[in-house]
Protein chains: 2
Amino acid sequence: MANITDVARVAGVSISTVSYALSGKRPIADATKTRIAQAVTELGYRPNAGARMLAGSRTNIFALTAPMHEDTHPPALMSFVLSVVTAARSYDYDVLLLTEGEATTGLRRVVSSSLVDGIIMLDVTVEDERIDVIRELGLPTTLIGIPHDTEGLTCVDLDFEGAARLAVSRLVALGHTSIGLMGHAEALYERGSNYAPRFRDAFLAAGSDAGIQTAFHTTVATRPGVEESLDGLRAQLPGMTALVLNCNENIHGILLEVLREREVAVPEALSIVSACSSFSTDHFLPPMDVIPLPSQESGRRAVELAIQQIAGFADPHVELIAPVYHRKSSTAPPAATVAA
Amino acid sequence: MANITDVARVAGVSISTVSYALSGKRPIADATKTRIAQAVTELGYRPNAGARMLAGSRTNIFALTAPMHEDTHPPALMSFVLSVVTAARSYDYDVLLLTEGEATTGLRRVVSSSLVDGIIMLDVTVEDERIDVIRELGLPTTLIGIPHDTEGLTCVDLDFEGAARLAVSRLVALGHTSIGLMGHAEALYERGSNYAPRFRDAFLAAGSDAGIQTAFHTTVATRPGVEESLDGLRAQLPGMTALVLNCNENIHGILLEVLREREVAVPEALSIVSACSSFSTDHFLPPMDVIPLPSQESGRRAVELAIQQIAGFADPHVELIAPVYHRKSSTAPPAATVAA
DNA sequence: CTGAAAGCGCTTACAG
DNA sequence: CTGAAAGCGCTTACAG
């Protein structure tokens with residue numbers, strides 16, 4: 001494989017000129033630039049990664065730490081992984097994948113061997129064991145997700161509270177005054193998750209602010225679990241005309257099946273909004289209104305913030321991504337209003 | 001960060017001795033080894049990855065190319081990715097993730113910059129654009145999946161034909177003589193997939209060998225699609241008592257729902273086997289007999305074969321992983337037999 | 001069993 | 001605008 005000396009010889013310049021021409025770190029005469037470009041093409045030259053890492057101060061590699069928890073939704077994780085890789089490539093960065101087995105060990109290893117310039121953390125839990133390591137290592141890092149203590153950390157996430165308010169306000173605008181929230185499994189509120197309780201609390205607060213009735217129920221992702229959650233909400237809100245789902249994907253399909261059997265028409269008798277979902281809600285019958293979990297944007301911002309830290313200008317902060325409401329066919333004014 | 005010179009100084013030896021002690025490439029006196037080990041611990045020394053890559057002949061990094069097709073099942077892809085990463089780590093290899101946007105470009109890039117020692121390819125299609133690049137690059141590579149032309153390639157995959165034969169033989173052993181195969185979408189048989197037609201053909205051949213009746217139908221992963229497939233199979237096999245599923249995950253749930261509504265009891269009136277599934281079939285009602293897609297084993301073998309190629313001893317070949325049948329509760333002798 | 005030294009292929013002050 | 005050279009931190013013949 002051709003090296004920089006070959007390129008310099010063919011172009012008739014010194015290797016430092018080749019290096020500078022390629023990096024753009026100092027002005028090079030146009031004629032020289034052209035000759036170098038030709039030599040590069042002719043030889044199919046590509047700088048040696050190891051030499052670059054050793055001589056330079058960059059490796060152009062990010063570590064992506066993506067553990068799987070019990071409640072990790074693999075397609076969601078996958079879509080975050082892909083968006084991080086894609087975003088990283090647009091900055092000429094490659095991505096090294098670290099998994100659960102090596103959560104903290106792997107981070108220490110790749111950092112202390114100077115393999116990576118920065119770290120992107122997925123699937124952050126409230127008390128994540130990786131966070132102490134991050135603080136200790138001091139390498140540019142972006143978390144996708146928000147732990148309890150964000151001191152000194154750079155974090156990106158959907159604005160879950162904003163998403164809850166958005167869901168409520170859209171339903172209120174349609175005329176709904178009694179809205180239930182079908183939540184995740186109870187365990188998620190007691191441990192690990194930051195977004196689940198954040199969403200729930202903002203939902204209840206938004207309802208109270210709007211002067212409407214709300215109720216919340218956790219949901220086990222089985223058919224009996226969904227029925228129990230639905231019945232529990234109805235018990236609290238006999239006049240419930242709308243449902244916000246902030247829950248497991250499987251619950252969506254089960255819920256629609258239950259409603260069909262009970263002959264509860266969606267959206268005529270019950271409006272439904274799926275909030276913070278990583279999957280498409282288009283294939284449901286009816287296609288479901290959704291406030292998506294923005295994996296593309298999260299990945300992109302995470303990478304951008306890491307790049308800024310590497311460049312040296314970036315203060316640690318939490319960045320929330322604004323929620324977006326996608327109108328499909330699962331919401332309508334409440335039946336009473338229609339009748340009126 | 002401490003470097004090899006620091007370690008040598010603290011241990012009172014030369015840097016070459018440190019290097020050899022760490023690599024084990026030449027015998028070192030026990031006493032010396034101990035002093036070096038102590039120095040390494042004391043200084044928290046970890047060899048610089050870039051220097052290693054430059055000086056040595058290895059980077060200890062694999063490229064993992066994992067594109068997403070329309071029919072890619074994300075959880076399955078994720079489980080293969082994780083198994084490759086885990087297996088790679090057991091050989092002290094890290095994994096660089098390449099995605100669709102960079103299928104061939106990315107491979108050329110990481111290889112020509114000497115960033116990786118080998119390549120693992122996931123989600124291989126019959127006429128995969130990456131294969132020509134692989135042949136051209138000549139770097140140790142293992143494909144998980146089997147393309148049309150395997151000349152000169154190292155491939156690992158489940159023995160799909162064996163899996164089809166296994167499914168049939170287990171059902172025949174229970175007494176079934178009329179078995180339907182609910183397949184993937186038609187597109188998968190016309191294009192791209194190698195495993196779908198391989199499974200279908202072996203299924204039909206196994207049925208014929210066993211002297212029983214079989215039928216095959218493609219399946220669209222919607223409720224009407226599943227009903228059409230089921231009805232199509234029944235039309236061909238009025239006495240059908242067993243069904244083999246080699247299809248999309250979603251079809252499983254829909255099928256069980258359809259059967260429930262039609263009051264076809266599983267397994268009493270119809271036995272079902274899920275073949276080559278990457279997902280758990282335990283949560284279905286009843287838990288479904290399954291021949292799993294062995295992502296763990298595929299990933300491990302793929303890595304092992306790549307490691308062997310890097311070490312220089314490995315002839316290109318196709319390696320098939322033996323199918324395993326997991327008995328759950330969705331099969332039984334056919335009703336007629338029970339009655340008899 | 002161990003050491004001194006060349007060399008891997010770059011980047012980047014230093015110099016002009 | 002360009003070049004000669006030091007140096008990054010290892011590995012591995014070469015030598016003893």
Side-chain angles (χ1 to χ4, degrees), chain A residues 1-37 39-40 43-61 92 109-117 310-311, chain B residues 1-37 39-40 43-61 92 109-117 310-311:
Chain A
M1 248 165 276
N3 62 25
I4 197 172
T5 308
D6 299 325
V7 175
R9 187 170 13 80
V10 170
V13 295
S14 72
I15 64 159
S16 60
T17 300
V18 173
S19 177
Y20 284 119
L22 260 34
S23 70
K25 288 190 183 170
R26 82 179 179 191
I28 303 286
D30 279 346
T32 312
K33 239 186 265 180
T34 309
R35 268 182 297 134
I36 292 175
V40 166
L43 297 169
Y45 169 70
R46 201 96 53 149
N48 178 285
R52 246 184 163 170
M53 290 164 65
L54 181 57
S57 52
R58 303 277 171 83
T59 69
N60 278 52
I61 299 178
D92 199 27
R109 180 173 52 78
V110 297
V111 171
S112 60
S113 61
S114 300
L115 226 192
V116 306
D117 296 336
I310 291 169
Chain B
M1 247 165 276
N3 62 25
I4 198 172
T5 309
D6 298 326
V7 175
R9 187 170 13 80
V10 170
V13 295
S14 72
I15 65 159
S16 61
T17 300
V18 174
S19 177
Y20 284 118
L22 261 34
S23 69
K25 288 189 182 169
R26 81 179 179 191
I28 303 287
D30 278 347
T32 312
K33 239 186 265 180
T34 308
R35 269 182 297 132
I36 292 175
V40 165
L43 297 170
Y45 169 71
R46 200 97 52 151
N48 178 285
R52 245 184 164 168
M53 290 163 65
L54 182 58
S57 52
R58 304 278 172 82
T59 69
N60 278 48
I61 299 178
D92 200 27
R109 181 173 52 80
V110 297
V111 171
S112 59
S113 62
S114 301
L115 225 192
V116 305
D117 296 337
I310 291 169

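Within every chain, numbering begins at 1; the chains are lettered A, B, ... in the order of the sequence lines, protein sequences first and strands thereafter.
- Taking a 4.0 Å limit (strictly below) on heavy-atom distances, residues 45-52 of chain B reaches DNA chain D at Y45(B), P47(B), N48(B), A51(B), R52(B).
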Tabulate below the donor-acceptor pairs under 3.5 Å that side-chain atoms of residues 30-37 of chain B make, not counting sequence neighbours, or state none.
from   : atom 1 : to     : atom 2 : distance (Å)
T34(B) : OG1    : D30(B) : O      : 2.8
R35(B) : NH1    : A11(B) : O      : 2.6

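- Listed by first then second residue, pairs satisfying salt bridge (Lys or Arg N to Asp or Glu O under 4.0 Å) with a partner in residues 12-23 of chain B number zero, not counting sequence neighbours.
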- line: Pairing string of DNA chain D (Watson-Crick or G-U wobble, both atom distances under 3.5 Å; | = paired to other strand) is |||.||||||||.|||
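- Between N3(B) and Y45(B) the shortest heavy-atom distance is C-CE1, 3.5 Å.
- Pairs passing the side-chain hydrogen bond (donor to acceptor under 3.5 Å, both in side chains) check and including a residue from residues 46-56 of chain B, sequence neighbours excluded, read S112(A)-R46(B).
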For residues 18-28 of chain B, which side-chain N or O atoms pair as donor and acceptor with protein atoms under 3.5 Å away, sequence neighbours left out?
from   : atom 1 : to     : atom 2 : distance (Å)
S23(B) : OG     : S19(B) : O      : 3.2
S23(B) : OG     : K25(B) : N      : 3.2

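- Here L115(B) pairs with A49(A), I61(A), D94(A), M53(B), I61(B), L96(B), V110(B), S113(B) under the side-chain contact (heavy atoms from CB on, under 4.5 Å) rule; sequence neighbours left out.
- Taking a 4.0 Å limit (strictly below) on heavy-atom distances, residues 1-11 of chain B does not reach DNA chain C anywhere.
- Looking at residues 13-26 of chain B, you'll see V13(B), S14(B), S16(B), T17(B), R26(B) sit with a heavy atom under 4.0 Å from some atom of DNA chain C.
- Between A55(B) and R35(B), the residue anchored nearer the 5' end of DNA chain C, judged by the nucleotide with its closest heavy atom, is R35(B).
- Among all heavy-atom pairs drawn from L54(A) and G50(B), the shortest one is CB-C, 4.3 Å.
- Interface limits on DNA chain C: the 5'-most and 3'-most nucleotides within less than 4.0 Å of chain A heavy atoms are dG9(C) to dC14(C).
- Applying the side-chain hydrogen bond (donor to acceptor under 3.5 Å, both in side chains) criterion to D6(B), with sequence neighbours excluded, gives R9(B).
- The side-chain contact (heavy atoms from CB on, under 4.5 Å) test applied to I310(A) returns R58(A), F62(A), Y93(A), D117(A), P140(A), not counting sequence neighbours.
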